[in-house]
Amino acid sequence: MSSFYLTTPIYYASGEPHIGHAYTTILADVLARYRRRAGDDVLFLTGTDEHGQKIQEAAAAQGLTPLELCDRMAGRFEDVWETLAISHDRFIRTTEAEHIAVVAALLERLWDNGFIYESEYTGWYSVGQERYFTEKEIGPERVDPIAGEPVQRIREKNYFFRMSHFQDRLIRHIEENPDWIVPRTRRNEVLGFLGRPLEDLSISRPRSRIHWGIPLPWDAGHVTYVWVDALINYVTASGAIDPDAAPDERGFGGPPRPSRWPADLHLMGKDIITTHAVYWPTLLMGADLPLPRKILAHGWWVVGETKMSKSIGNVVDPLALRRLFGTDAVRWYLMREMPTGQDASYTPERFLARYDELRNIFGNLAHRTLSMVKRYRAATVPDGPADGLARETADAIAAYRRGLDGYRLHEGFAAAMKLARTANGFVEAQEPWAQARRPDGAAELDRTLATLARTLGVLACLFEPVMPARARQLARRLGLGGVPRFGDLESLEVGGLEVAVDAPLFPPADFPPA
RNA sequence: GCCGGAGUAGCUCAGUUGGUCAGAGCAGCGGAAUCAUAAUCCGCGUGUCGGGGGUUCAAGUCCCUCCUCCGGCACCA
């Protein structure tokens, strides 16, 4: 059994969970479930990022302590993940003692390695907003984008990480590992980014300005810059570092401690590819830790713009769809409609098309098969050979696995749906209702029904990662003990199973009339 | 401005190293069937593969050029 460690970013606890968070996390969940079904020992990590100025300010504005706010927001995220059927193994919070200790240990390692130095940070500071703004944010007018007041160029003491020292090594790593950053277009962008001299990374903020953070081990007057704090969570949760050990035995360099590090996959939106593909790997290099095996940056959902929606002004929140169509249908839409890594636009029409596909192709296949087993064979799957779609099924499984292994989930799920279409065609070709009428048709009918039941068992397996509840429901109705794993599919026996016919897996559903 | 990507049927998109590659799904039209959630299945596309030029026996598939659209260009989590 191989192991698989995958992560989502930890989400900043100053705001409510939204579709961006949900998409990343569902994508991670689908991959985690797929790996488990394939027999891997999976560690699926998500969590919340809880330090920094925005948290500090948001808490103050609500009359809470920062930690009180974070407790509330972490709960909010955990609740949403539960409703979306997220199966994370660990929910990490950067305010956990373990994480704080690992951050301190890692920073100390960087310091001991000579990659930290003291200097001055220069930036555009807004007195009114009490924070720095980027060039992009202030625009040519050089005013803060919130209040519109002029910002000023100021300097303050900061500690810096010698990120520039690792520039060439990072470029080499990306060039020697073409699939390290996917999709390819993001890799190109990172390489383009690295085409210019890399600046060193400011890793601290004066505590006088921001108190809600992890103090630097060597200077309590400064707290760790939130991105550095946040990224380290991936190592914290892996168990690679023992902050209580002697400095040389904590797990940096030398013989590694038994752990889940390096991560097999970091997932994130394309907006934070730079932090994950540049800041993070160079920090790891500086601390003598191996790099993650793969970085996957996905695209954004944009809301399709139509004349209708513009005049009516109705913007649908995909998260709200869950209440109308169910969690599994929303997960299906998100995974099926967006080519992994690319942008996609949400429209109610496309959503309905994908829901109808589920309902009509897959749901109806399940229902008609179970109904026929009940009607013609007293609800017991016959013992006949189940080889009617042997080749098509094997092909579908192979294409599915190629898709998911290659992080083209939409292709994998398209292959699964294609098998369901093929099975519907098989029903039409065999005409089991005619076989049932023919006096000598019994053996043929047995084979038809056994084949269809077996196909449903396979489909339950293929669809489980994306639609866990419906897949379990289908497996139960088929009379299986549970959703089959990939290793079970080859020898999946369906003869003798007692099936149950029940309400449709995907009931009629629609948007409320406008 | 610099770097990168994309422009293929009404819509969303597939199309490895150039040679049945002109395709799939949806929508539309016609038909079949009745086990099933009126759910299914079959048949039907005269698309300048963004424009132009070039290489080649042969180009969505390579080269040049032009047009259009999109993405990235760091400390914002």
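Just so we're on the same page: letters track the sequence lines, and every chain starts at 1. What you see is a predicted model; the values in this text were computed from it and never measured.
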Note to self: If you count every heavy atom of other residues, nucleotides or ligands that lies below 6.0 Å from A:R72 atom CZ, does the total exceed 12?
What the structure shows: no
Checklist line | Within 6.0 Å of CZ in A:R153, more than 12 heavy atoms from elsewhere | finding: yes
I'd like the [atom1] distance from [M] over to [N], given in whole Å.
N	M	atom1	value
B:C67	B:C26	C1'	30 Å
B:C41	B:G4	P	45 Å
B:G5	B:G50	C1'	15 Å
B:C2	B:G45	P	47 Å
B:C42	B:U61	P	33 Å
B:C29	B:C70	C1'	36 Å
B:C57	B:U68	C1'	35 Å
B:U55	B:C44	C1'	39 Å

Mate of [N] where both pairing distances stay under 3.5 Å, Watson-Crick or G-U:
N	answer
B:U16	none
B:G7	B:C67
B:U46	none
B:C21	none
B:G1	B:C73
B:U40	B:A32
B:A27	none
B:U56	none

Check: For the atom pair CD (A:E50) and NE2 (A:H99), what is the distance rounded to the nearest 0.5 Å?
Finding: 9.5 Å
Next item on the list: Hey, could you give me the CG/CD1 distance between A:L194 and A:I174, rounded to the nearest 0.5 Å?
Entry: 5.0 Å
Give one of base, sugar-phosphate or nothing for [X], where a contact means two heavy atoms less than 4.0 Å apart.
X	result
A:E199	base
A:I203	nothing
A:R184	nothing
A:R377	nothing
A:M338	nothing
A:D502	nothing
A:P197	base

Next item on the list: Could you tell me whether A:E411 and A:R402 have a side-chain N and a carboxylate O separated by less than 4.0 Å?
Entry: no
Separation of [N] [atom2] from [X] [atom1] (nearest whole Å):
X	N	atom1	atom2	value
A:R408	B:C13	CZ	P	18 Å
A:H410	B:A14	NE2	C1'	9 Å
A:D510	B:A39	CG	P	12 Å
A:L419	B:G25	CG	P	15 Å
A:Y225	B:A74	OH	P	13 Å
A:L191	B:G71	CG	P	21 Å
A:D271	B:C73	CG	P	10 Å
A:D343	B:C13	CG	P	11 Å

Check: protein-nucleotides 2-11 of chain B nitrogen or oxygen pairs below 3.5 Å:
none

Note to self: A:R368: which residues meet the side-chain hydrogen bond (donor to acceptor under 3.5 Å, both in side chains) condition with it, sequence neighbours left out?
What the structure shows: A:N424, A:E428
Below 30° counts as parallel, above 60° as perpendicular, anything between as tilted: where do the rings of [X] and [Y] land?
X	Y	result
A:H21	A:F77	perpendicular
A:Y333	A:F351	tilted
A:H276	A:Y234	tilted

Checklist line | Summary of protein contacts for nucleotides 28-38 of chain B, nucleotide by nucleotide, where a base hit scores B, a sugar-phosphate-only hit scores S (4.0 Å, heavy atoms) | finding: -----SSBBB-
Check: Is the side chain of A:Y400 donor-acceptor paired with the backbone N or O of A:L462 at a distance under 3.5 Å, no angle test?
Finding: yes
Next item on the list: State whether the side chain of A:H266 and the backbone N or O of A:L296 hold a donor-acceptor pair below 3.5 Å, judged by distance alone.
Entry: no
Notebook entry, point to check: Can you tell which of B:C73, B:C75, B:A14 lies closest to the side chain of A:Q342?
Noted result: B:A14
Margin query: Tell me whether the NZ or CZ atom of A:R470 lies within the 45° cone about the ring axis of A:F463 and under 6.0 Å from its centre.
Written below: no
Note to self: If the glycosidic angle sits within 90 degrees of zero it is syn, else anti. Tell me which applies to B:G60.
What the structure shows: syn
